[in-house]
2 protein chains.
Amino acid sequence: MTRIGSRTTGRPTLAEVARLSGVSPITASRALRGISTVAPELVEKVKQAATTLGYVANPAARALASAQSESIVVLIPSLSNQLFIETLEAVHEVMRPRGLEVLIGNYHYDIAEEENLIRNYLAYQPRGMLLTGFDRSDAAKQMLAASGVPCVHMMELGVQEQGMSVGFSQHQAGGAAAQHLLERGCQRLGFIAAQLDPRVMQRAEGFRQALVDAGRYASELQLLSSQPSSIGLGGELFRQLLAQHADVDGIFFCNDDLAQGAILEALRLGVKVPQQVAMVGFNDLPASAHMVPRLTSIRTPRAAIGRCAAQALLGLLDGKRGTVHNQDLGFELVVRESS
Amino acid sequence: MTRIGSRTTGRPTLAEVARLSGVSPITASRALRGISTVAPELVEKVKQAATTLGYVANPAARALASAQSESIVVLIPSLSNQLFIETLEAVHEVMRPRGLEVLIGNYHYDIAEEENLIRNYLAYQPRGMLLTGFDRSDAAKQMLAASGVPCVHMMELGVQEQGMSVGFSQHQAGGAAAQHLLERGCQRLGFIAAQLDPRVMQRAEGFRQALVDAGRYASELQLLSSQPSSIGLGGELFRQLLAQHADVDGIFFCNDDLAQGAILEALRLGVKVPQQVAMVGFNDLPASAHMVPRLTSIRTPRAAIGRCAAQALLGLLDGKRGTVHNQDLGFELVVRESS
DNA sequence: CTGAAAGCGCTTACAG
DNA sequence: CTGAAAGCGCTTACAG
C-alpha cells in the first residue's frame, strides 16, 4: 500500500482510457476536456471508459503540460472575521462548478506574509487571483504584474490603473454612519476602531470628514487600537471612552464585534442604549440582530463581492475584458434599536 | 504578458539554476531539497544561484516526477463555525514551516460532497489527509484506503481499527454538562441542539445517559433541530422550549451560538439566568465570556486538536508509526455566571 | 475530425 | 559525492 519510492501513482491514466475506448490519448484528452472537434460518438465512448476505470486526470501532469493549473488563488487577511468566510464561500460557489480549485491564502494582515504567499502561489501557475484591497508591497505588485496572472481586487473600489475591483466605498460607508448618528441628534460623536487595516482607516476618514462638515468633529472621541478586533476589546474600549468622556452620546464602531462587546458592556454598566449612547456597528454580522438592544449596523455585501469578483475573474479568463472595471456593490444602513 | 498557447511558464527552471552554479540539474535538485549527499560548498553555490534567479520550484513538475505533491488536505464540515477556523489555523502553523501546502475542503456537513472532495483531492496526490470524525460514505473510505494516503481523524476518538485520531470524548463532555447542572440542583433538565452531526449526537447521548443514571431524564425536554446552528435559532428554540415546559430549570446547548441566542432571548423575556434557568454551552466560543450573564461552557481544545493531528500526520509521513493511536486531549468545564 | 511526435520541469533509479 | 538517462502523465503544435 505504501508507494514509497514508486514513480507511478497506481491510478488509471489517460493512456488506459484511450486504449479502452480505442482512440489515441490525444483524442481522449480532447473528449474529456469537452473540446468540440471530437466526434460525439467518440466523446461518449471515452467518457464511458473514463467512468469505468474511475479515471480522474492528474492535475500535476496537466499543469506541467499546459503551463497552467486549474486553480485560482484567493488571498484574505484573516479567517477569524466571519466577513471573509462568507466571501470565500461565495467564491467557491462560482468556481467549483467550473472545475476550478480554490487555494486560500490567509496573510494575517501581514504585508510580508502576503508577499510570501504570492511568491509561493505563483509557482502553482494559478489561472487567476482574487486579492483583498490594494495595499501590498511593491515586490508583490511586481511579481503579480510580471506573472501576467489576471487579478481582481475585492472589498475596496480602485481606479482604472489599479486593475479590476469589486467592492463598495468604505469612505462613504463611514460617512453614512456619521450622517445617521447626526440625524438621531447626537452631539458628541465617538469612533471606536481596532485592527486598523486600510479599509478601517478609509471608514474612519469618511466618518471624520462628515463630522468636520457638520462642525461636530471631536478628535478626543476617536479611539483607535491596533489590536485585533474582538468582542472583548470592544467592551474594554467602550468602558475606556466612557470613563474619559462621559458626555459621548453616539459611537460608530468599525466592526460589529466591537459594537457587540460595547453593547454587552453597556448592559453590565447600566448605560442605556440608545438613550444615553447610540451605537452603530459595521458589517451587520449574524449576532448583531440579536443583541440587547438589537444593533444598528451597516450591512456590507461580502457574499456578493465574492460572487461578483469570481465572475469578473472568469470573464477575464474567457477573454471578455473589462465589462465593469470597478464594480460598486454599495452598502445598506440597517436601523435597529441601538440608535 | 499573456502567455496564451505557450508551453513554458517564463519562470526560471532548475536547469538554469544548475547552469549558473556549474552543476548538473540533479545535483541542483538535491542541494535545494536539502539532501545531505551533496558537498556543502556546492549546496551553497546552488542556493545562491537560486536566489539570484528568483527560482521557485514548479510544484506540478515535482509532483509529476515524484508521484507526490507537497500538500496535505484538510476536510472540515463547515467554515461558519469558528471552531473549525481555529483548528485550521493550528494545522497551518504546523504544516507551513515544513513547506507543506494545506488544501482546505469544506463539505458543508454533506457526506456526498465529502466523497466528491476526496475523489478530487486524491488526484492531487496529497502527502496526507486530516479528516473530521469517522462518519463518511463507504465509497469514500474505500478510496482513502486504496490510495494509501496517511490519514488522521480529528475531533472524535476512534478505536484502533479506525486509524489514528486526535480529539476528546464527545460523550463524556455531554455527561459533564449534565453532571454540572445536576450539582447545581437543577431538576428539570433540557437539551437544545441543532445541526445534529455525529458529534452533536454523541454529546446528546452522553447527556442523556447521565440524566438517566440520575433518574432525571425527561425526553420532552430534548429539543433537536436539524437546521444549522445559529444565534437566532438558539433564541427561537429556547422560547419554544420555555413555552411548552415552563418548569425547565437547566439547559445544555450543543453549541455556544445556540446558548448565546438563548441567553439574549432570556434577557428580552425577563427570564433570570441562572436563577430561573441555568445554561451551559459548548465549545466556549469567544463571545461566550462576554454574554450577560457570562456563559458557562465546555471549552474544547480545537486548536490543540489541529496542532496535534498535524504533528501526528507528520509523524506518519516520517515513518514514525503510531506513537499514540487515539490521542485524548480532553475538555474543560468553564463555570461562569449562567449556571 | 484525428493522431504521432515532442516536450513541460522536475525526480527516480541506476551507475560510477 | 555526482551525473546521464529515462520517465512521470498530460497537452501543445503541427500534420494530414
Side-chain angles (χ1 to χ4, degrees), chain A residues 3-46 50 53-71 99 122-125 127, chain B residues 3-46 50 53-71 99 122-125 127:
Chain A
R3 300 166 288 90
I4 309 275
S6 166
R7 308 206 62 169
T8 59
T9 59
R11 306 170 57 83
T13 66
L14 227 211
E16 299 175 47
V17 173
R19 209 173 306 138
L20 185 60
S21 41
V23 299
S24 70
I26 200 60
T27 298
S29 169
R30 286 197 270 246
L32 258 16
R33 280 181 295 154
I35 289 178
S36 52
T37 64
V38 182
E41 65 250 41
L42 288 188
V43 172
E44 207 39 59
K45 261 192 198 164
V46 171
L53 295 173
Y55 172 76
V56 181
N58 181 331
R62 176 170 280 182
L64 185 58
S66 66
Q68 273 210 335
S69 72
E70 300 290 289
S71 64
L122 244 21
Y124 283 86
Q125 302 166 172
R127 294 287 270 262
Chain B
R3 301 167 287 92
I4 308 274
S6 165
R7 306 207 62 169
T8 59
T9 60
R11 306 171 57 83
T13 65
L14 227 209
E16 299 175 47
V17 173
R19 211 173 305 138
L20 183 60
S21 42
V23 298
S24 71
I26 199 61
T27 298
S29 169
R30 286 197 270 245
L32 259 17
R33 280 181 295 153
I35 288 177
S36 53
T37 63
V38 182
E41 65 250 42
L42 287 188
V43 172
E44 207 38 59
K45 262 192 197 162
V46 171
L53 295 173
Y55 172 76
V56 181
N58 181 331
R62 177 170 279 181
L64 185 57
S66 66
Q68 272 209 335
S69 72
E70 299 291 287
S71 64
L122 245 20
Y124 284 85
Q125 301 166 174
R127 295 286 271 263

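Below, read A as the first sequence line, B as the second, and so on, with proteins coming before strands; counting in each chain starts at 1. On a predicted model such as this, the values are computed, not experimentally measured, just so you know.
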Using a 4.5 Å cut-off on heavy atoms from C-beta on, say whether the side chain of [Y] contacts that of [X].
X	Y	value
A/Val38	A/Val46	no
B/Thr13	B/Asn58	no
A/Leu122	B/Val56	no

Rounding to a whole Å, what distance do you find between [X]:[atom1] and [N]:[atom2]?
X	N	atom1	atom2	result
A/Glu70	D/dG9	CD	P	18 Å
A/Leu14	C/dG7	CG	P	20 Å
A/Lys45	C/dC1	NZ	C1'	14 Å
A/Gln125	C/dC8	CD	P	13 Å
B/Glu41	D/dC1	CD	P	10 Å
B/Leu122	D/dG9	CG	C1'	17 Å
B/Leu64	D/dC10	CG	P	9 Å
A/Ile35	D/dT11	CD1	P	8 Å

| remark: Correct closest heavy-atom pair for A/Glu16 and A/Arg11 would be OE2-O, 4.1 Å
| task | Determine the minimum heavy-atom distance between B/Val17 and B/Ala50, stating which atoms define it. | result | CG1-N, 4.0 Å
| task | Starting from the C-alpha separation in whole Å, work towards a yes-or-no answer on side-chain contact (heavy atoms from CB on, under 4.5 Å) for B/Val23 and B/Lys45. | result | CA-CA 9 Å; B/Val23 298; B/Lys45 262 192 197 162; 5.8 Å; no
When you measure from the side chain of [X], which nucleotide among [options] comes out closest?
X	options	answer
A/Ala61	D/dG9, C/dG3, D/dA4	D/dG9
B/Arg33	C/dT11, C/dC1, D/dG9	C/dT11
B/Thr8	D/dT2, C/dT2, C/dC8	C/dC8
B/Arg62	D/dG9, C/dC10, D/dG3	C/dC10
A/Ala39	D/dG3, D/dT2, C/dC1	C/dC1
A/Ile26	C/dA4, D/dT2, C/dT2	C/dA4
A/Asn58	C/dC10, C/dT2, D/dG9	D/dG9

| task | With heavy atoms under 4.0 Å as the rule, sort B/Thr37 into base, sugar-phosphate or nothing. | result | base
| message | Please compare A/Pro12 and A/Arg30 by the position of their nearest nucleotide in DNA chain D and report the one closer to 5'. | response | A/Pro12
Indicate whether OP1 or OP2 belonging to [N] is found under 4.0 Å from a side-chain N or O atom of [X].
X	N	answer
A/Tyr55	D/dC10	yes
B/Thr27	D/dG3	yes
B/Ser66	C/dT11	no

| said: Is it the case that C/dG9 (base atoms only) and B/Arg11 (side chain only) share a donor and an acceptor within less than 3.5 Å, ignoring hydrogens and angles? | reply: no
| Is the backbone of A/Ala63 close enough, under 3.5 Å, to the side chain of A/Ser69 for a donor and an acceptor to pair up by distance? | no
| So what does the secondary structure string of DNA chain C come out as, 5' to 3', with Watson-Crick or wobble pairs under 3.5 angstrom, [ ] for crossing and | for pairs with another strand? | |||.||||||||.|||
| remark: Interatomic distance, CG@A/Leu42 vs CZ@A/Arg30, rounded to 0.5 Å, equals 11.0 Å
